[in-house]
Amino acid sequence: MIPAQFDYQAPATLEEAVSLLASDLDGAKILAGGHSLIPAMKLRLAQPQLLVDIGRIKSLAYIREEGDEILIGATTTHYQLESSDLLQRICPLLPDCAKSIGDVQVRNKGTIGGSLAHADPAADWPAAVLALGAELVLVGPKAERTVKAEDFFVDLFTTDLQPGEILREIRIKKPSGRFGQSYQKAPHPASGFAVVGIAVHLGLNDDGSCKAAAIGVTGVDVKAYRAKGVEAALSGTTIDDDAIAQASLHVCDGVDPNSDLYASSEYRGQLARVHMRRAIQAAKAKAQ
Amino acid sequence: MTNNYVGKRVKRTEDPRLIRGLAHYVDDVALPGTLHVTFVRSIYAHAKITGIDTSAALSTPGVVAVYTGQDVAGKIGPVPCASALPELKVPDHRVLATDKVYFVGHPIAAIVATDRYAARDAVDLVMVDYEELPVVTDVEQAANGGPVIHEAFGDNIAYKLTSGEGDIDAAFTAADRTVKQRILHNRLAPIAMEPRGVLARYFPGEEELTIWSSTQIPHLMRTQVALMIGIPENKLRVITPEVGGGFGSKLNVYSEEALLGWIAMQLGKPVKWIETRRENMQATIHGRGQVGDIEVGFKNDGTLTGLRYSVFADLGAYHQLLTPAIPTLTGLMLSGAYKIPAIQMNITGCFTNKMATDAYRGAGRPEATYVVERALDLVAAELGVDPAEVRRKNFPSPDEFPFHTATGLDYDSGDYETALNKAQEIIGYAQLREEQKKARDEGRLIGIGVSTYVEICALGPSQAMPAGGWESATVRIEPTGKVTVLTGASPHGQGQETSFAQIVADELGVNINDVTVIHGDTGVVQYGIGTFGSRATAVGGTAVFVAVQKLKEKAQKIAAHMLKADASHILFEGGKYSLQAAAAASATGVSEPVVPVGQAPAGALPEPETDGKSNLTIQDIALAAHLAKDLPPDTEPGLSATYFFEPKNFTFPFGTHIAVVEVDHETGDIKFLRYVAVDDCGRVINPMLVDGQVHGGIVQSIGQAMYEEVVYDEQGQLVTGTLMDYAVPRAKHIPNFELDRTETPSPVNPLGVKGVGEAGTIGATPAIVGAIVDALAPFGVRHLDMPVKPENVWRIINGN
Amino acid sequence: MKLEGIHQLDAPRERVYQCLVDPEVLQRCIPGCERLEKTGDNTFAATIRAGVGSIKGVFNGTARLEDLREPEHLRIVVDSKGAPGFLKGSGDLDLEHAENGTKVNYSGDVQVGGTIASVGQRMIQGTAKMMATQFFTSLNAEAGTQAGEPPPQHGFFRTALRWFSGWLRNIFRKH
Amino acid sequence: MKKAINLSVNGVSRTDEVEPRMLLVHYLRDVLDLTGTHVGCETSLCGACTVMLDGQAVKSCTLFAVQADGSAVTTIEGLAQNGELHPVQEGFWEKHGLQCGYCTPGMIVTAAQLLERNAAPSREEICHGLDGNLCRCTGYQHIIEAVEYAAAKKAGQS
């Protein structure tokens with residue numbers, strides 16, 4: 001319940017945060033909403049020496065359109081994403097995913113950037129950003145770089161963030177043309193984390209056939225991944241029930257699903273297939 | 001007497017402080033200079049302690065003291081076990097481990113520091129060297145040659161007991177058929193929302209120790225802790241402030257309570273320990289934890305002939321207060337709501353490398369009900385008849401009460417069929433079965449589960465209880481007319497501050513706001529037993545009721561004196577004593593004051609004016625009784641009465657629960673479609689409180705049936721160590737409950753009440769599991785073990 | 001918890017074996033191993049900073065090599081304790097000749113206790129998988145150099161990890 | 001090293017020096033003696049510690065007091081205005097939405113947030129809104145009814 005001691009800094013700017021982080025590459029940690037880090041600290045599973053609180057950098061919390069992109073600041077809370085009219089209009093997958101995270105208290109404080117950087121294998125956001133082909137903007141002491149979501153999640157709780165780097169922004173191409181999106185999740189009854197979570201973005205041709213599908217899967221493997229087998233199987237089909245069912249079978253291609261007290265590997269695989277099918281169907285139903 | 005409150009939906013008098021955040025739980029009590037205690041607990045399930053190095057912890061800023069098992073050896077007596085069973089093996093259970101640890105969470109050292117943060121820091125600095133020993137967590141392995149936990153005993157069997165009546169062999173010979181089933185009762189964590197907590201303060205001059213504890217049994221705890229630390233019982237005061245739920249987990253005497261008291265005496269400063277949720281999962285008792293084999297004999301027409309149940313009870317590493325007794329309660333209730341000529345139960349209680357099991361809401365009776373109800377479902381399946389009909393067939397009829405069971409009990413009163421009928425009517429049973437058939441044809445899996453339960457409440461006659469089964473009450477009316485009720489029951493959320501006030505307000509004809517119910521302070525309240533076993537209202541409420549009658553007897557005498565009439569002519573109605581109309585005319589002055597009344601000193605209370613009055617409120621009388629200027633001869637001043645109520649029997653509430661579920665073919669998800677509960681808890685004091693008890697009980701049943709399970713791995717590590725993995729039901733997990741009642745008063749107490757605190761946890765699990773099994777009946781399933789998780793369901797549907 | 005898997009390494013069996021019994025190499029391969037000091041024949045004192053992401057704990061204990069049958073078999077036994085609990089396990093490694101290298105059959109048993117056991121239920125398997133993957137990835141890199149050559153660089157591991165973790169994990173299963 | 005914080009709690013301005021690791025819930029309880037906010041778990045799952053931080057319901061056990069620097073906190077003690085119960089408090093009393101009362105302050109604050117965002121929630125929306133709060137006594141049904149009562153009451157007021 002009580003974390004170990006640490007030092008705390010609340011820089012006013014991102015530049016300051018970067019330099020504070022650089023001052024102790026091993027012991028410093030970024031604190032955004034704190035809803036991944038603080039629980040770990042309270043159990044003393046994480047004992048950083050220095051917390052650099054970027055939650056106070058107001059300019060890091062935003063949702064805006066710019067050209068053909070949606071830009072989301074790293075410290076934007078789950079609730080801000082859930083309740084954004086703009087997103088509801090142009091990219092409903094984000095609010096859809098946001099509202100299934102944790103509970104209202106967690107959504108009020110937890111941030112998208114914090115969640116992505118933490119890379120919990122059962123977190124919801126990784127699935128959504130994968131399905132949206134997001135790019136993540138990382139800022140370090142020397143330079144800023146952009147990483148594709150697909151390359152960002154490296155392993156269990158491990159991302160491409162290098163020591164000293166901070167996730168600054170999430171960039172998403174504005175979905176265009178005919179499309180439908182959905183996030184379907186089987187929550188753990190105790191923790192609320194995704195036993196499986198499936199985020200689907202379905203691009204449709206004028207005739208209603210599948211132009212391209214992009215699908216993110218969380219909870220199944222040690223990290224979130226793109227279900228490329230499903231995407232490929234769906235592509236070009238008329239997305240009828242049969243095609244959806246067949247494509248969904250590929251959700252665990254190349255993956256050995258996690259096994260834990262709640263769900264065995266076999267059952268988790270089944271949940272992934274079922275939720276995949278339901279997510280695609282829901283996305284199709286929502287397609288304009 | 002008035003009828004303003006009892007039986008009505010009266011808003012709780014407890015609530016204004018609770019809803020405004022102004023109530024005080026243990027951790028909310030702040031004493032200046034309080035030191036904080038944390039515990040170093042074992043991370044191994046079974047190991048020798050080969051060394052403890054506390055030096056680093058002691059040199060941490062803020063740390064005042066560190067105590068190990070050696071430091072307290074010989075100074076604090078063993079943690080008590082109050083269960084007396086023949087040849088029971090009782091391990092020496094010390095407040096801190098000495099040479100060995102027996103379960104993960106076993107306390108090893110107590111750290112005292114100036115604040116919570118420093119105390120927690122020091123925990124990481126105590127170095128304990130362990131030598132691991134072989135671990136046994138499976139109860140049957142423990143019984144059958146697994147590693148021995150307490151070496152002196154030679155094996156892990158704490159006791160064996162056979163109970164029941166009737167010729168069991170003849171019963172099975174007489175049977176046309178039998179069904180057998182192995183049944184598991186999952187180990188559960190009570191999870192009171194407020195974890196345990198203790199605050200202790202010692203005044204060396206007065207030699208007075210005060211312990212604030214989140215407990216259900218302040219007086220019993222006082223006695224035991226006084227014995228443990230060797231101080232006179234009347235120099236120890238136990239205060240139970242607001243208690244954030246107990247469910248049996250606080251019906252106990254724990255290491256920490258005595259230890260904190262002892263530390264406060266050593267250091268001469270207040271010391272506080274507040275349990276963390278992880279400690280609560282590890283080191284507060286668990287419930288259930290039985291695995292047994294049931295066998296039922298029956299005739300082809302469904303008539304039951306006999307029932308046999310052999311069970312291994314997983315007691316954990318040590319006995320807590322009632323650990324060994326809990327499975328014996330299962331034996332008492334194995335007749336359920338049915339006429340069963342012969343019943344036999346064989347219990348083998350075993351030690352395992354886990355936390356002790358003990359009373360958790362229902363305590364042994366949910367196990368019995370679950371076993372019997374599952375068995376009845378199996379009988380129905382075997383005979384191909386409706387499960388409700390098998391039940392109906394075996395009910396005793398209302399005129400058979402008191403009904404003697406082959407478990408040795410006499411059920412007080414009951415009308416089981418009426419409750420069943422009512423539940424079936426509400427849910428539209430016949431039509432529901434039709435709809436189920438139709439749904440099945442459409443490929444939907446809908447299941448209906450029926451449970452007709454009886455429970456044993458109002459624990460209980462002292463003969464059957466380790467520390468007495470009575471309850472106490474004092475009712476007094478203060479000079480200003482305010483009514484004070486002191487109850488030995490120690491409610492912690494059940495709402496007796498309100499329901500007892502309802503009883504008293506009606507009996508005295510006063511406004512409920514004039515009644516204050518005080519409980520949970522041994523310095524204020526006469527000795528009492530406590531709140532558990534659905535006893536507070538049936539036993540404690542009766543004590544209050546009878547105490548009020550005693551008080552009224554006295555008031556009546558005084559009233560007669562004041563109204564100058566014979567007591568037999570005084571009528572008490574609407575809170576007023578008055579001369580009966582007919583008698584008024586013949587009223588004569590009964591007596592003159594024996595002692596001449598002097599002039600009242602300035603500032604004295606105004607004397608009641610009685611001259612010329614034909615009636616007096618009981619509050620007028622209370623004032624007169626206190627002023628004592630003009631009382632009948634041989635009358636003690638004051639208006640107060642105390643009563644200790646000893647019940648002659650338990651009470652036996654009952655009811656019918658029907659659950660309707662639908663399971664998802666693909667995911668195994670279980671969804672409630674309906675839930676109807678018709679409960680009969682005798683006379684109802686406050687229907688709103690009764691509904692609340694039933695709701696809460698059912699949801700704990702939903703937890704047991706579908707979500708909750710304390711899991712230790714083979715090495716004895718508690719892998720469901722937090723609420724991340726141990727699933728307590730949330731609002732989204734519950735159905736909309738449709739409740740109703742029948743009301744069969746109990747003849748055991750003058751109130752006619754039976755108790756309702758555990759009804760939901762006892763009645764609901766079999767209905768829920770029965771419904772899930774029924775939904776899966778097309779797959780040939782007749783039983784599933786709890787918790788029934790979606791994966792289990794999915795495996796059944798998919799044949800693996 | 002049981003772990004079992006097969007790893008394909010590029011180096012010849014003898015070289016892989018040599019790496020597995022070389023404390024310096026082992027220290028570099030065991031994820032988070034900050035110290036591995038020889039204390040006797042095939043026994044070592046070890047300090048391991050184990051964990052994933054921001055979740056880390058320092059464990060002190062012993063490591064022992066047993067049942068050494070060069071170049072085909074050995075067993076590693078680890079027993080350690082730290083503030084978050086204890087971590088112990090044993091693993092049997094069977095090395096087989098394979099085309100272009102060595103096939104390592106691995107079968108082990110991992111036990112954790114204390115905080116990690118009570119709170120990390122859903123992550124223990126993943127963490128074990130990940131650490132084993134890291135171990136074999138590093139081992140493959142180490143075995144790719146000759147004895148006495150400078151060890152591969154840190155940066156190499158990072159890159160290698162990213163490339164290898166995906167396919168290695170797939171052949172690594174829990175039972 | 002201690003940090004200075006400045007915040008408003010239930011409308012009262014507070015200045016204190018706290019260790020960075022001090023949790024907001026401990027600051028409220030131990031420093032300000034506002035003990036209505038409770039601690040029921042260690043893993044941000046029970047919701048007993050819920051307070052409003054700048055108008056948003058948050059779990060005060062999962063925030064450091066330093067993070068609340070410059071913010072306005074409302075605890076259960078600050079919910080009633082001018083001696084009048086908040087409609088949600090009233091609902092809990094009317095509908096017997098509490099038994100032991102331990103989860104109640106967090107439950108009430110969360111429910112208040114729910115009604116601010118959705119004046120007429122369905123039963124399902126209420127359950128979703130209370131997903132972060134555990135109650136072990138009531139079985140939730142009366143809590144749901146309490147929220148419905150409060151919604152109706154608020155609708156009547158406006």
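Computation of the quantities below employed the complete heavy-atom set of this structure, encompassing side-chain atoms and omitting hydrogens, waters and symmetry-equivalent molecules. Order of the sequence lines sets the chain letters (A, B, ...), proteins ahead of strands, with each chain counted from 1. Everything numeric in this text was worked out from a predicted model, so none of it was measured.
- A cation-pi arrangement is found for D:Arg117 relative to A:Tyr79, the charged atom lying closer than 6.0 Å to the ring centre and inside a 45° cone about the ring normal.
- A donor-acceptor pair under 3.5 Å is absent between the side-chain atoms of D:Asp131 and the main chain of A:Asp103, judged by distance alone.
- Looking at D:Thr110, D:Leu114, D:Leu130 one by one, the single match for side-chain contact (heavy atoms from CB on, under 4.5 Å) with A:Val104 turns out to be D:Thr110.
- The contact between D:Thr62 and chain A is made by backbone and side chain atoms together, counting heavy-atom distances below 4.5 Å.
- Within the 4.5 angstrom heavy-atom criterion, only backbone atoms of A:Ala4 (N, CA, C, O) approach chain D.
- Without hydrogens or angle criteria, A:Gln105 side chain to D:Val58 main chain gives no donor-acceptor distance under 3.5 Å.
- Other residues, nucleotides and ligands place more than 12 heavy atoms under 6.0 Å from the CD atom of D:Glu116.
- Here the straight-line distance linking atom CD1 of A:Ile38 with atom CZ of D:Arg21 works out to 14.0 Å at 0.5 Å rounding.
- Looking at A:Ile2, the atoms closer than 4.5 Å to chain D (heavy atoms on both sides) all sit in the side chain, from C-beta outward.
- Looking at D:Glu19, only its side chain comes within 4.5 Å of chain A, counting heavy atoms on both sides.
- If you measure heavy-atom distances from D:Val39 to chain A, the contacts under 4.5 Å come from the side chain alone.
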Point to revise | Trace of the side-chain contact (heavy atoms from CB on, under 4.5 Å) decision for A:Lys42 with D:Cys61 | key: CA-CA 9 Å; A:Lys42 283 165 63 183; D:Cys61 78; 3.2 Å; yes

Exercise for review: Mind running side-chain contact (heavy atoms from CB on, under 4.5 Å) on A:Met41 and D:Phe64 for me, showing each step along the way?
Suggested key: CA-CA 11 Å; A:Met41 290 175 68; D:Phe64 296 115; 3.9 Å; yes

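- Contacts of A:Asp53 with chain D are made by side-chain atoms alone, with heavy-atom separations under 4.5 Å and no backbone atom involved.
- Taking NZ from A:Lys109 and CG from D:Leu53, the interatomic distance works out to 5.5 Å, rounded to the nearest 0.5 Å.
- In terms of heavy-atom pairs under 4.5 angstrom with chain A, the leader among D:Gln113, D:Met22, D:Lys3, D:Met1 is D:Lys3.
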